[in-house]
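For the numbers below, each heavy atom of this structure counts, side chains included, while hydrogens, waters and symmetry mates do not. Order of listing sets the numbers, starting from 1, for every ligand and every atom in it.
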Amino acid sequence: MTVVTRIAPSPTGDPHVGTAYVGLFNYAYARRHGGRFVLRIEDTDRERYQADAETHILEMFAWLGIAPDESPLAGGPNGPYKQSERLEIYQAHIDQLLNAGVAYRAFETEEELEAMRKEQKQRGLKLGYDGRGRTLPKEEQDARANNGEPHVIRLATPDEGETAFDDLLRGQIAIGNDEIRDPVLIKSDGYPTYHFANVVDDHLMGVTHVMRAEEWVTSTPIHVLLYQAFGWTLPTFAHLPLLRNPDKSKISKRKLDTSVASYREQGILPEALLNFLATMGWSMPDGREVFTLDEMVDAFDPARISLGGPVFDLKKLRHLNGVYLRDVLDLEEVARRVTPLFEQAGYPQDDPEYLLDVVDVLRPRAETLNDFVDQGGYFFVDTLDYTDDARKRIAGGQQVLEDLERELSMLDVFDEDAIDDVLEDYMRSRELKKPAVLMPLRAALTGTTNAPSVTDLIAILGRSRVLTRIGRALSDMTSSLPDDHPSDEDAAETEAKPKAKAKDPAQGPSA
Ligand code: GLU
């Protein structure tokens, strides 16, 4: 038997991390068993339908690297993979149930149903459809339908006994049949309900394993009754634990960012997000927390899924992303991924070697791809903007900067050892402490006081940029003073000066 799993999202909004999570587990199970992973768009709820959501769902799976084998995009032998394009199939299947007398057309109006509920309440009965339409003879049902009378089609379910199924993760789950009240299969707009379309499609698409979120557990007995009505074999059901907000409540937009696109925009890597989602309720046999998708697939066994609600911990996700940036992806790959981000932010890239050095030095402190751009823009500008703090450091270290400008310009070999020697000798000879020398230098070279090691900075920037930047910091200070030492003239001058990062053609891309 070929294992076939599926993800069946409804296109109702931004693709959700829960969809990525359930998709991942289905993908892993199918791959582990050499099977197929199907994506079906469940778009029968026309009120909640959003036109671009389907594209975003497909893009999300492609971005994550768990693209389905069959989908509206990939096609496949059991398409179409969009429920709104399968209406004829549902029609044929509902006819089958109508003819067999296990489904019936029910003509109650909204008012009648409301009156029924009211009476149930008054008499202290269980609320829900009471099956009153079941007794209408089939000929009459058909005649009224042919006359265009609005109606729904319901499944006639047993009143007594219970319906049970085996959940792969939870064991046997049974529900009293008095809880199942002739559910609607076809709505008055002619569209199938979730239950009906879902079961028909899972069967026709050859789905062997239905792995979905816990919230569908209570729908499953209805599905089981439908499988029985058709005389079809049940798939294996597995209901995965719901992701949780940090306060353990069910994951929700109000408390947490639940859109996969927003994590992508924040510079989270697809590999890290998958790894993180894999650890939600599942663990590697050896307890390893960092593993690739292929490693997960090789080891994937649903028996290792634990049902305690896994918490979507953002700190953990960011930390893991940092581990991927530093230790899992190689330098070239990280550089390849940050290149478009630098370019979008207005830092054109034309020197791959320089970018590699920049990425290498920023990597130890980066948790997201965006951190490279937020923390490293200064590598790619010709005119720095100085933070207030940087201005103060420069102003307080003018002598140091003048001295080092001279010393560094005289260096024969401009490498890390030589730079280190210059700095060490200088501090020793002037009896200066590290911060007194390194802080002004860092501020002059980057415009900030929060940057990597000064030796690294100098080595990467290269002689020409370093000397230009020190020179410019010094000249800037003579024309403006930091905010806490204002003089009227200087304040006026600072204000008049635009803060734009003008390009200086004299400064080449690499030193
Ligand atoms: N369309 C349902 C959803 O949006 C599918 C649930 C299922 O997997 O059966 O999650």
Shortest protein contact, [atom] (heavy atom only):
atom                    : answer
atom 8 (O) of ligand 1  : R6 NH1, 2.6 Å
atom 10 (O) of ligand 1 : W216 CZ2, 3.5 Å
atom 4 (O) of ligand 1  : S10 OG, 3.2 Å
atom 1 (N) of ligand 1  : E42 OE1, 2.6 Å

### Query
How close do D202 and V210 get, heavy atom to heavy atom, and via which atoms?
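Looking at all heavy atoms of both residues, the closest pair is OD2-CG2, 3.6 Å.
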
#### Entry: Distance-only side-chain donor-acceptor flag, T368 / N321, under 3.5 Å
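Side-chain D/A pair, T368 to N321: absent.
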
### Task
Would you tell me whether R212 and T220 have side-chain atoms, one donor and one acceptor, within less than 3.5 Å of each other?
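T220 and R212 do have a side-chain donor-acceptor pair below 3.5 Å.
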
### Task
Is it possible for you to check whether R46 lies under 6.0 Å from the centre of the six-membered ring of Y49, through NZ or CZ, and within 45° of that ring's axis?
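R46 over Y49 ring: yes.
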
### Quiz item: cation-pi between R32 and F300, 6.0 Å / 45°
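No.
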
### Query
Taking non-hydrogen atoms only, is N198 closer than 4.0 angstrom to ligand 1 via side chain, backbone, both or neither?
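It is the side chain that touches ligand 1; the backbone stays farther off.
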
### Query
If we only count N/O pairs under 3.5 Å, is A8 in contact with ligand 1?
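Yes, at least one N or O pair falls under 3.5 Å.
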
